[in-house]
Amino acid sequence: MELRARDTAVAQFFRSSKVWVVDYTYDGHPRRWLKALPRQADARADIAAHLEDLYGTRARLLAVREATPDEETQYIRGDLPKNVFCPTGRAPAARRDR
């Protein structure tokens with residue numbers, strides 16, 4: 001029963017949110033995130049503050065734009081490519097098994 005309540009909460013959040021594409025640099029290297037935020041959020045300001053909290057001056061925000069329908073679908077399904085050089089990235093499952 002608890003799982004259903006959590007799934008419902010997640011579904012409600014996605015219905016009331018937008019997915020944003022965030023381009024930034026980390027120690028001079030290009031990075032990209034897709035991030036869901038509430039529709040009424042100031043995405044650029046929220047993401048800039050989040051990057052500052054995580055990385056301080058090591059990150060520089062380049063651009064924030066609304067995701068295309070294809071990007072949003074990939075984000076929801078978890079089908080986006082992983083960047084193993086990103087501090088939050090993980091190697092594909094096939095590589096971890098080696």
Is there side-chain contact between Val22 and Leu34, with heavy atoms separated by less than 4.5 Å?
no
Taking the side chain as every heavy atom from C-beta outward, state whether Val21 and Arg32 have any atom pair closer than 4.5 Å.
yes
Judged by modelled atom types alone, do Arg31 and Tyr26 share a side-chain donor-acceptor pair under 3.5 Å?
no
Can you run down the salt bridge (charged side-chain N to carboxylate O under 4.0 Å, His left out) pairs that involve residues 40-54, sequence neighbours left out, and say none if there aren't any?
none
Residues in side-chain contact (heavy atoms from CB on, under 4.5 Å) with Ala59, at least two apart?
Tyr24, Leu51, Tyr55
Verdict with supporting geometry, Lys18 and Trp20, side-chain contact (heavy atoms from CB on, under 4.5 Å):
CA-CA 6 Å; Lys18 284 185 187 177; Trp20 298 90; 3.6 Å; yes
Could you note down all residue pairs passing side-chain hydrogen bond (donor to acceptor under 3.5 Å, both in side chains) where residues 61-71 supplies at least one of them, sequence neighbours left out?
Arg65-Glu71, Thr68-Glu71
As an exercise, state the distance from OG of Ser17 to CD of Gln40, rounded to the nearest 0.5 Å.
10.0 Å
Spatial distance of atom CD1 (Ile47) from atom CG (Asp23) [nearest 0.5 Å]:
10.5 Å
Do Val64 and Leu54 belong to the same hydrophobic cluster, where Ile, Leu, Val, Met, Phe, Trp and Tyr are linked whenever their side-chain heavy atoms lie under 4.5 Å apart, directly or via other members?
yes
Least distance between heavy atoms, Leu61 atom then Ala48 atom
CD2-CB, 3.9 Å
